[in-house]
2 protein chains.
Amino acid sequence: MSLKHALLGLLSDRRASGYDLLKTFETSLANVWPANQSQIYTELTKLAGSGLITVAAEGPRGRKEYEITDEGLAELRHWLTEVTPQRVIRSDVLLRVFFLGVLSPEQARAYLTDLVDMSQSGYEQLRQLHDSIDWDDGNLSVYGRIALEYGLRFNAMRREWAEWAAQQIK
Amino acid sequence: MSLKHALLGLLSDRRASGYDLLKTFETSLANVWPANQSQIYTELTKLAGSGLITVAAEGPRGRKEYEITDEGLAELRHWLTEVTPQRVIRSDVLLRVFFLGVLSPEQARAYLTDLVDMSQSGYEQLRQLHDSIDWDDGNLSVYGRIALEYGLRFNAMRREWAEWAAQQIK
DNA sequence: TCTCGACATGTCAACAGTGGAATGTAGGCT
DNA sequence: AGCCTACATTCCACTGTTGACATGTCGAGA
């Protein structure tokens, strides 16, 4: 159900078309809640059907600009404040760790050192992104920076863990 | 496709029935790859159909004990060594952060301090689990401890981040 | 002996997510 | 004028996930 709220969240900032939202998902939200084209258009139609958003304007090429309604904003606020977040995150990265015993110690270590690299490059990518944005002191900047900091810390943590883990294998 | 590999992984350690596997998912794998009963039974039937596992024995109450085949083991090894893990993890926790601007600063801060608590209790739960297990030096112990350590570090990281983030809000 | 809880499996509808195909338009460049 | 790219949407088939319902058996203890 989170795609719905991701779209409401983006539309709470500014009105946008499906195409605009698709671009936003490809860039800024790609690391948090990826979504593809078909999913976004389908969800927008559903959201408009239930009155949480409306078509505010139509443009060239059949472009439909959606705008959040009061009802949609209420739903977004409800989700933010009342709905308890999921406690579990499915992680195929970690799932593999449980079964590394079926591999040779060398192969298992290789998996973990690959994770070190993956985390390192993830970190650097986010660092670059961080430096390329000129942060003002608006809401989007404040919360965007907070989310980005999470990504940096997460990758740093995972890197250190994977380094430690590789050493644990005799 | 990871449920498939989770089941293969568990069966690579020892043969088990759907019911056994269900119990394992409820306890040890619940934090990494949750799965419910219907999903597990459906997947086992599919796996048996494609020859990756076989019914090795039948017991009382229609119990079917599954065993991994050589083909299944090969598939598991392939997944562990060749298939590159997903880079993105969907996180509704983090998604909310992007949109905290629609709330008052007090409400936004409350969300973050709730995350502090959630992370803290997650940490303590894992710490208890860690202390309640008597770790030998078998494969399952080695990799189980590594996975658990990940959970501890993750929760610690998230806690510190959420504390820092709450302070960023004016 | 009876009953109840744990054991054990199967099925189905609904929703969420993936990937690809199809279709067409507006505007900028040569 | 013609072409190409970016803009823009819709539909479809398939896979994965959730939750509920249905069904039945074994064994321990009252």
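A, B, ... follow the sequence lines: proteins, then strands. Residue 1 opens every chain.
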Discussion item. Taking atom CD as the centre, does A:Q125 end up with more than 12 heavy-atom neighbours from other residues, nucleotides or ligands that are less than 6.0 angstrom away?
Written reply: no
Discussion item. Using a 4.0 Å heavy-atom cut-off, does A:K46 contact any base of the nucleic acid, only the sugar-phosphate backbone, or nothing at all?
Written reply: sugar-phosphate
Worksheet item: Side-chain donor or acceptor of A:S38 under 3.5 Å from a matching atom on the base of C:dG17?
Response: no
Practice prompt. Using a strict cut-off of less than 4.0 Å between a Lys/Arg side-chain nitrogen and an Asp/Glu carboxylate oxygen, indicate whether A:R145 and A:E149 qualify as a salt bridge.
Written response: no
Item to complete: Look at the side chain of B:Q37 against the base of C:dG10 and say whether a donor-acceptor pair falls under 3.5 Å; ignore hydrogens and angles.
Response: yes
Fill in: Electrostatic pair A:E26-A:K23, nearest N-O below 4.0 angstrom
yes
Discussion item. Whether B:Y41 contacts C:dG10 is assessed here as follows: a side-chain N or O lying under 4.0 Å from the phosphate OP1 or OP2. Is that the case?
Written reply: no
Practice prompt. Identify whether any heavy atom of B:E43 sits under 4.0 Å from a base atom; if not, whether one sits that close to sugar-phosphate; answer base, sugar-phosphate or nothing.
Written response: nothing
Worksheet, complete the sentence: Hits for side-chain hydrogen bond (donor to acceptor under 3.5 Å, both in side chains) against B:D92, two or more places apart or cross-chain, chain-then-number order -> B:R96
Worksheet item: With a 4.0 Å cut-off on heavy atoms, is A:T42 in touch with a base, just the backbone sugar-phosphate, or nothing at all?
Response: nothing
Practice prompt. Ignoring backbone atoms, establish whether B:R61 has a side-chain N or O less than 4.0 Å from OP1 or OP2 of D:dC26.
Written response: no
Worksheet item: Can you tell me how far P of C:dT18 sits from CD of A:Q39, to the nearest Å?
Response: 6 Å
Worksheet item: Would you say D:dT18 has OP1 or OP2 under 4.0 Å from some side-chain N or O of A:R90?
Response: yes
Worksheet, complete the sentence: Between B:G62 and A:N36, the residue closer to the 5' end of DNA chain C by nearest nucleotide is B:G62
Item to complete: Indicate whether OP1 or OP2 belonging to D:dC7 is found under 4.0 Å from a side-chain N or O atom of A:K64.
Response: no
Item to complete: Specify the separation, in whole Å, of atom CD1 of A:I40 and atom P of D:dA8.
Response: 14 Å
